[in-house]
Each structure stands twice: as C-alpha cells, then as structure tokens.
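Take a look at the structure set out below.
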Amino acid sequence: MKRFALLVLSFSMAWTPVPAQDQSLPYQMTVSSQGLRIEGNASIQTVLKWSEDGKFDKASPPGIANRNFEYWFEVDFSDHFQLIHQYDSLIFYPGLVEISELFVERSGVPIALVLTSMVPNDVKRSAFQNQNYIPISTAELFDGRKLYIKSRYLRATPDLNKKTFAFSTPEAHRQMEEFISQDSFKSQVLAFFFLGVAAVQMVFNLILFFNVKQVQFIYYGAFLLFQLIYYSRISPYLADYFGYADFRFYFLLTTASQILINLSYLLFIRHFLDIDKVLPGFDKIIRWVGLVLVAFILINLGLIIHNPYSYLQSVIMDIQRYFMAGFAFFGIGYLWIHYPGRLKYFVIAGTLIFTSGALLTMFFLKLTYMVTGAAIESTIFALGLSYKIKLINEEKQLAEKETFSTRLTALRAQINPHFIFNSLSSIQHLISSGQKDAALSYLAKFSKFVRQVLENSIDIHVTLEKEIELLRVYLDLESLRFDHAFSYEICLPQHGDLIYQEVPMLIVQPFVENALKHGLMPKTDGDRKVWIRFIDQEDHNLCEVEDNGIGRIAAEARKSASYRPSRGLALTEERLKMFKETQKPHIRIEDLPTGTKVSILLPKL
C-alpha cells in the first residue's frame, strides 16, 4: 500500500477581528492538517491505528488529486487547544469536497458525517460566502483535538499540497455570516448586474416579439434565460431560485444550461442573419451542429442521472466547449468573408467577446470573465436586433411607398380615359356637324392637354400651378364643346405661395366635370358659371367648386333609367384617403339656393 503525506499548513493567529489573509473573512483560522494518499480503501479504525503509529507525520505530500486514489486527512487542533475547549462547539469549514466523510467520536464510537455535495448531507452553506460548513461538538474530537476526513476526487483535480481546513467559534461564525468580503461583494454585484441586464433585455425582447412576431426573439429570450440559470452560481441568492438546495438537481440544470446557451445562441444567429436564405450551404452546417448539441445534452443528462461524479461526463463537457469554441471561430471567419450586409458585425463582435471570456474562464477558473463577456455579448445582440428592426421598417416603408404609388397610378389611369373619351366624342361631334374650325381649335387644345398629362404622368402629384393650368385647358375644351355656353373663374389668394404647393394631379377635374354635366348644361335660362376657389388653411388646402346650375334635386330627377353612375367621384375620394386619413370628410356637398357647392380637402404634401 502506497502512502504519501500531505504538506503541513499550520498557522497561528491571534484572536482578533482581522480577516484571514487567504480568504478575506474575519474571525476564521486555519487549522494544521496532514494527509495520506491510499491505493484502495481503508476503515476509520485502520486510519486511527496509522495515526497512533505516526504514519501521517512520516508521509510525503500527495500532490495533485488523482481519481484512482483515496485521501485521508488528519486535522489537528492542538495549536488552538485552549481556545476550542472554551466552547461547547466549533464551526468547521472543509473547503472543496466531492465525495467525502467527516469522522467524529461519539461515546467512544467513530461516526461518519456526510460531506458529499450531491447527496443528502450534513453540511450547511454560508449565505454570503457560498462556503460549506458543519457545526461540531468539541466533545466529539478524537483525543479532544483531532478530526479525520476521507475524500475522493473524481472530477476536480485540486493541488492537495495547498489543501487547507479552517474553523471558527459559533460567535465568530455568526459575525462572519453577516460579513461580506471584497471578493464576495464583487461577485454579488456582478451577479445582480447581469440579472438586471438580462431581465431588462428579456422584457424588451418579449415586447418586440409580440409586435414583430419573429421567432428570433424567442431564441434570444431563451439565450438570456439559460445564461441567467447558469450564472446564478455566482450568487447563492440567485442559485436558490434555481434549486440550489437540491445540489444534484442544480448540477444537472446548470450542466444542461451550458449546452442550451450554445444551442439557443446558434438558433438565434441562424434566424437573426436569415442564414437559411442568404447562405443555405452554411445553414446545413448549423443544422448539424445543432443536432450534435442536442446529442451532447442527452448524453450528459444520462451520465449525470446515472453518476453525477462521472469523469466521462466532465470529459464530454470539455469536448463540447472546445467544439463550440472551434465552430465559433470558424463561423466568424465564414460570415466575415461570405455574408453580405452589416448585421454580421453584431454577431462577430458578440461572439468574439463571449468566446474569449469563456476560454479565459476555462483556463483561469474565474467565472467573472465569462459573465462579463456574456453581458457585453447580450447587449451587442440587443443592439443588433434594434438595428434589424430599423432595416425591416425601412424595407416595409419602401414597399408601402411603392404600393401606394402603384395604386395612385392605377386610380389616376381610371380617371384619365374617362375624360379622353368625352373629349374625342366632342371632336367627333364637331366634325360630323361640319364645324371644321371649331373641331381644329378643339383638337389643338386637346393635344395640349394630353401632352401636359403625359408629361406629368410619372409624378404622383404636381404643383397647384400645373393643376390649374390643366383645369384651364380642360375648361376651354368643354367651352368649345358646348359652344361657349358657360363661363368659369379660378380664384387664388392674392398673397402667399399656394400655387407652389403640391396636390394630386387631376384631383379637382372630376368635380368640375360633374358641375358642368349635371348642373350647368341642363340649365335653360340665365347665365351659366362655375367658380373654382383655392384657399390655404392651417392643416390642409381647401378647394371649392361652385356652380349656379339646376341643383342636385333637379339633376336627380332628370336621370333616365339607362343612367350609369360616374365612378370619378368615388375614385377621387379613394385617392384623397390614401394621401391622408382624417376624421373630417374629404368631400362635402352643399345645396345652394341656385346651384351646388362642393368643398374638397386637399392634403398638404
């Protein structure tokens, strides 16, 4: 049987409220210890016999923990004998343990207290320090001054040459429970800072999902949640919410969450960058990596349920970490070269920072690096989502603008042929009735009107000056058609820049046409006149088309059974609604003592 000794670490400290140098805790003292590394198993009775023979004192330092050996520690309180026997009990801090038992003596019989973390045990947890402790009666010490600990290390490999044990009195322990060391304070602040960042981003993400309805926000929310579960280990207050009381369940949860962080990150990136559409070849690789991560989760959970101290499980977790780190750097390079657009920079920056933090944590065993990297990465992804929403809105606005323009063009195209048909019919009437000069004059004005319409056909709207010019040509055409049977007047404010404001092209013409056709032409006596007024108002331009014709009641009575209602007014109303939604009616018709007045609200464009 091979036996080696543990390096003796014995410190004498005065009983003053000064923090221990190594742990930054007040009222805690290190107790001397020696140990044996044993190949096989030994009983407590055998170990007690070795102690009597002085084998602990003669053994060599055991070095780095090896999973193939069992380790026995003899903890000697002789240097603090007078102090500990002033109290009925003491508080013992075993430090890092995996599978361990602490032996005390009760009524001359060795009793084993379970220290193993993932089974029901006798240890307790210090609230602020996240440190295990166990209360022990001073009467239960072997020979009034010794304890014995049996340990196995299946996953962790600490340097046992530096292994220390500590104790304090009950009063000192109560003070220590309320003491927050500098390191502990930093860890608490870091944990709750990350909690705050993650919580705000999750709420923001939830709001975005209900508004945008895109699955990438679900995966981003899952990414934040699994990070929060995993990093809860920093603070026992957070850990309690995720089942830290049942350490085996907590270990299973945090192990699974490590892989789920990577999986949700992968799915988020896939949808955030639309990889399936932009880079279908790379998308196949991402799918395979996702399946590999699912396999990692199932294998790890199975191993943990079977044996939470499985060495194979820890090896698989390391393989998973190296695998994802390698894929992350490969993916960054691939996206840098092949992905178009600026969204990739958010992914590249966030991934580099998080992966660097994860690797630093892996090599230096300090979770601070990984948490800081995760917080920065999550913030970068949130900014990336905001930027993508901006791009989506810009694309949506552009599409709506194109649709709007197309609909307006279609509506305007329905109005122009109506007028053109009437004009050609008038020219045909003049030619057939032998009015050659009138027909030529009409045709010249009609060609001018068509040319102006065609010149402005590309534009959705024109200046009021051009609109009035088109109205004049139209009214002149209709005056020729009806042998100068009516007169017209176009009124503008004497001051202001109203004529330079833009209006939808040919928006007023259908109302003027309606006034001529149904109001003035049926009139048999008196003069016939139409007034067209443009008025500049605060939030819109007002156009009034007034005639002194027969009025709406008489016009309705003249309609024959074969009357076909004009669609010009309905189409114009639809065009106005497309330009500006308002509670006010776009078109208002008033019956006058003689004639009719139509008021049209023209949007200020």
Side-chain angles (χ1 to χ4, degrees), residues 63-69 71 95-100 116-118 130 151-160 162-163 222-223 226-234 239 242 244 247-267 269 285-286 288-333 350-374 377:
I64 303 298
N66 189 314
R67 62 192 304 268
N68 296 316
F69 294 91
Y71 296 87
L96 175 64
V97 293
E98 275 198 19
I99 301 176
S100 300
T116 304
S117 56
M118 294 193 196
N130 199 15
S151 295
R152 292 190 68 91
Y153 296 89
L154 301 184
R155 296 172 61 92
T157 56
D159 184 355
L160 297 181
K162 299 179 181 179
K163 177 64 179 174
F223 174 69
F226 293 131
Q227 285 191 95
L228 183 58
I229 293 173
Y230 179 67
Y231 299 132
S232 68
R233 62 179 59 197
I234 302 174
F242 296 104
Y244 189 53
F247 202 81
R248 183 166 182 164
F249 169 76
Y250 181 70
F251 178 66
L252 186 147
L253 184 64
T254 53
T255 300
S257 65
Q258 292 180 64
I259 307 176
L260 288 170
I261 288 172
N262 293 326
L263 182 60
S264 55
Y265 159 82
L266 198 67
L267 294 172
I269 295 303
I285 298 176
I286 291 179
W288 278 108
V289 173
L291 292 175
V292 171
L293 290 177
V294 172
F296 273 127
I297 293 174
L298 297 177
I299 293 172
N300 274 278
L301 294 185
L303 290 172
I304 292 173
I305 293 172
H306 176 69
N307 177 14
Y309 297 102
S310 169
Y311 180 71
L312 176 61
Q313 189 271 332
S314 65
V315 171
I316 291 176
M317 283 300 296
D318 285 340
I319 293 173
Q320 183 267 152
R321 294 184 184 104
Y322 285 119
F323 171 74
M324 282 306 298
F327 175 76
F329 287 116
F330 163 75
I332 287 173
T351 303
L352 277 176
I353 292 173
F354 175 75
T355 305
S356 300
L359 290 175
L360 287 172
T361 294
M362 191 172 177
F363 290 119
F364 295 103
L365 301 179
K366 197 168 183 180
L367 199 58
T368 305
Y369 297 117
M370 193 171 179
V371 177
T372 304
E377 178 198 43

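Along the sequence shown, the residues carry numbers beginning at 1.
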Output the distance between atom [atom1] ([X]) and atom [atom2] ([Y]), rounded to the nearest 0.5 Å.
{"X": "Arg321", "Y": "Asn262", "atom1": "CZ", "atom2": "CG", "result": "9.5 Å"}
{"X": "Met370", "Y": "Glu377", "atom1": "CE", "atom2": "CD", "result": "9.5 Å"}
{"X": "Leu154", "Y": "Leu312", "atom1": "CG", "atom2": "CG", "result": "12.5 Å"}
{"X": "Thr372", "Y": "Phe354", "atom1": "OG1", "atom2": "CZ", "result": "12.0 Å"}
{"X": "Leu260", "Y": "Thr255", "atom1": "CG", "atom2": "OG1", "result": "11.0 Å"}

Look only at the side chain of [X] and the backbone of [Y], and say whether a donor-acceptor pair between them is shorter than 3.5 Å.
{"X": "Thr116", "Y": "Ser100", "result": "yes"}
{"X": "Arg67", "Y": "Arg152", "result": "no"}
{"X": "Tyr309", "Y": "Glu98", "result": "yes"}
{"X": "Ser314", "Y": "Tyr311", "result": "yes"}

Answer yes or no: is there a side-chain heavy-atom contact under 4.5 Å between [X] and [Y]?
{"X": "Thr351", "Y": "Tyr265", "result": "yes"}
{"X": "Leu352", "Y": "Phe329", "result": "yes"}
{"X": "Tyr71", "Y": "Lys163", "result": "no"}

Side-chain polar contacts of residues 288-306 - donor-acceptor pairs under 3.5 angstrom, sequence neighbours left out - could you list them?
from, atom 1, to, atom 2, distance (Å)
Asn300, OD1, Gln313, NE2, 2.8
Asn300, ND2, Phe296, O, 2.7

Tyr230 versus Ser257, closest heavy-atom pair with distance: CB-OG, 3.4 Å
Minimal heavy-atom distance between Pro308 and Met118, with the atoms involved, is CB-SD, 3.2 Å
Around atom OH of Tyr322, are there more than 12 heavy atoms from other residues, nucleotides or ligands closer than 6.0 Å? no
Non-neighbouring partners of Ser264 that pass side-chain contact (heavy atoms from CB on, under 4.5 Å), sequence neighbours left out: Ala222, Phe223, Phe226
Between Phe323 and Phe327, what is the ring plane arrangement, given parallel below 30°, perpendicular above 60°, and tilted in between? parallel
Apply side chain to side chain contact (heavy atoms under 4.5 Å, CB included) to the pair Ile259 and Met317, showing each step before the final yes or no. CA-CA 9 Å; Ile259 307 176; Met317 283 300 296; 3.9 Å; yes
